[in-house]
Amino acid sequence: MDENQNLDLSDDEKKLFEDFMPEDLDEILDTGVNRRHFLKLVTLAGGGLLAAQSAAAEQLFTRSFPAPSTAGVSAATIENGVNVSLKVNGTARKLMVDSRMTLLDTLRERLELTGSKKGCDHGQCGACTVIVNGHRVLSCLTLAASCEGKTVQTIEGLAKGSTLHPMQEAFLKHDGFQCGFCTPGQICSAVALLDEARKGDASYVTEDVRKKTGPVQLSTEEIRERMSGNLCRCGAYPNIVAAIQEVHSGKPVEQTFRFSA
């Protein structure tokens, strides 16, 4: 829903907010329902606390909440605006952004490419990883203005039409995700990782970093080290490593999970 959605509340809906969210009622009547109010109401519904007013709650939940539009963003509303031209998933894009705006926010809020996730927003979890000029970057720490003239590839740009990227297929095969929040960053990082290995780039576990001998044959230890910047709160690491190893080797890798009889 929009950040502040002005709703013409019915008497029953006003009573609903008055009974269960009295501390927010004045704000709701003054500025409208925002995300915080709506999510708070959803939480109350999930706990069964709205059963007594289920009809009013259902009426409110079934309202149409349009997604925020970026079409109205104009140069006049942007502070410290700079023009940025870049290619995103093969398409040339030109837009004006605040000079302090991150690549992540530009992708999500201005280009509506919401596959890249905002996890920690401090460059510590890897959920926002995208590929810029062939190298993986943390888009939450990368200024959009620094991407002038560069090529950006996000999770949306990996598949070719309805044909998934081999890494996406491998993640599905090996169940390399649970909640899926970190998965776009994991997959983008894994795709770039294989390019790094083909070029012979060293990692922390490389025996001799001064010796560049060409393509690196990735061991499980190498994959774990090179993917260490991408965190998975669900703990799907063994499956992620198996997926990457399968794409890297081109040979089937035994699935690490087992179903109990």
Problem set entry | Lys160 (side chain) donor-acceptor with Gly157 (main chain) under 3.5 angstrom | no

Seminar exercise, completed: Note: Gly180 and Pro184 closest approach over all heavy atoms is O-CD, 3.5 Å

Exercise. Taking side chain as C-beta onward, heavy atoms only, is Arg233 less than 4.5 Å from Gln178?
Worked result: no

For this session: Give a yes or no on whether a salt bridge exists between Glu222 and Arg226, defined as a side-chain N under 4.0 angstrom from a carboxylate O.
Result: yes

Problem set entry | Joint cluster assignment, Leu95 & Val132, ILVMFWY side-chain distance < 4.5 Å | yes

For this session: For residues Ile187 and Phe177, determine if any side-chain heavy atom of one lies less than 4.5 Å from a side-chain heavy atom of the other.
Result: no

For this session: Determine whether Val216 and Val205 fall in the same hydrophobic cluster, where Ile, Leu, Val, Met, Phe, Trp and Tyr are linked whenever their side-chain heavy atoms lie under 4.5 Å apart.
Result: no

For this session: First locate atom OG1 of Thr106, then atom CZ of Arg93, and finally report the distance between them rounded to the nearest 0.5 Å.
Result: 11.0 Å

Exercise. Just how far is it from atom SG of Cys234 to atom CZ of Phe181, taken to the nearest 0.5 Å?
Worked result: 11.0 Å

For this session: Kindly compute the distance separating CG (Leu218) from CG (Leu194), expressed to the nearest 0.5 Å.
Result: 7.0 Å

Exercise. Would you say Gln186 and Cys232 make side-chain contact, with heavy atoms under 4.5 Å?
Worked result: yes

Exercise. Is the backbone of Leu103 close enough, under 3.5 Å, to the side chain of Ser139 for a donor and an acceptor to pair up by distance?
Worked result: no

Could you list the donor-acceptor pairs under 3.5 angstrom formed between side-chain atoms of residues 163-170 and any protein atom two or more places apart in sequence or on another chain?
unit_1: His165; atom_1: ND1; unit_2: Met167; atom_2: N; d: 2.9
unit_1: Gln168; atom_1: OE1; unit_2: His165; atom_2: N; d: 2.9

Exercise. Would Met101 and Leu138 show up in the same hydrophobic cluster when neighbours are defined by side-chain heavy atoms closer than 4.5 Å?
Worked result: no

Exercise. Does the side chain of Asn230 reach to within under 4.5 Å of the side chain of Ile240, using non-hydrogen atoms?
Worked result: no

For this session: Return the minimal non-hydrogen interatomic distance between Ser116 and Cys128, and the atom names on each side.
Result: CB-O, 4.5 Å

Exercise. Under a 4.5 Å cut-off applied to non-hydrogen side-chain atoms, are Val97 and Arg110 in contact?
Worked result: yes

Under 3.5 Å, which donor-acceptor pairs link side chains of residues 83-92 to any protein atom two or more places apart or in another chain?
unit_1: Asn89; atom_1: OD1; unit_2: Thr154; atom_2: N; d: 2.9
unit_1: Asn89; atom_1: ND2; unit_2: Thr154; atom_2: OG1; d: 2.9

For this session: Could you walk me through whether Glu246 and His174 pass side chain to side chain contact (heavy atoms under 4.5 Å, CB included), step by step?
Result: CA-CA 10 Å; Glu246 181 161 303; His174 289 277; 3.0 Å; yes

Exercise. Distance only, no hydrogens: is a donor on one side chain within 3.5 Å (strictly under) of an acceptor on the other, for Ser189 and Arg136?
Worked result: yes

For this session: Can you establish whether the number of heavy atoms outside Glu221 located under 6.0 Å from its atom CD is more than 12?
Result: no

For this session: Indicate yes or no for a side-chain donor-acceptor contact from Arg224 to the backbone of Tyr237 under 3.5 Å, with no hydrogens or angles considered.
Result: no

Problem set entry | Thr102 vs Thr142 side-chain heavy atoms within contact, under 4.5 Å | no

For this session: Please answer: with hydrophobic residues joined when any side-chain heavy atoms are less than 4.5 Å apart, are Leu231 and Ile155 in the same cluster?
Result: no

Exercise. For the atom pair NZ (Lys150) and CD1 (Ile131), what is the distance rounded to the nearest 0.5 Å?
Worked result: 14.5 Å

Exercise. Heavy-atom distance under 4.5 Å between the side chains of Ser203 and Thr206, does that happen here?
Worked result: yes

Problem set entry | Nearest-0.5 Å distance that lies between atom CD in Glu156 and atom SG in Cys188 | 8.0 Å

Exercise. What is the distance from atom CD of Gln124 to atom SG of Cys140, rounded to the nearest 0.5 Å?
Worked result: 9.0 Å

Exercise. Passes side chain to side chain contact (heavy atoms under 4.5 Å, CB included), Leu113 versus Arg108? Steps please.
Worked result: CA-CA 5 Å; Leu113 295 172; Arg108 291 181 58 83; over 6 Å; no

Problem set entry | pair Thr129-Val137: side-chain heavy atoms closer than 4.5 Å | no

For this session: Using atom types as modelled and distance alone, determine if a side-chain donor or acceptor of Asn80 lies under 3.5 Å from a backbone N or O of Asp98.
Result: no

Problem set entry | Val152 reachable from Leu158 in the ILVMFWY side-chain graph, under 4.5 Å edges | no

Problem set entry | ILVMFWY clustering at 4.5 Å (side-chain atoms), partners of Leu104 | none

Exercise. Looking at Ala127 and Cys182, what are the two nearest heavy atoms and their distance?
Worked result: CB-CA, 4.4 Å

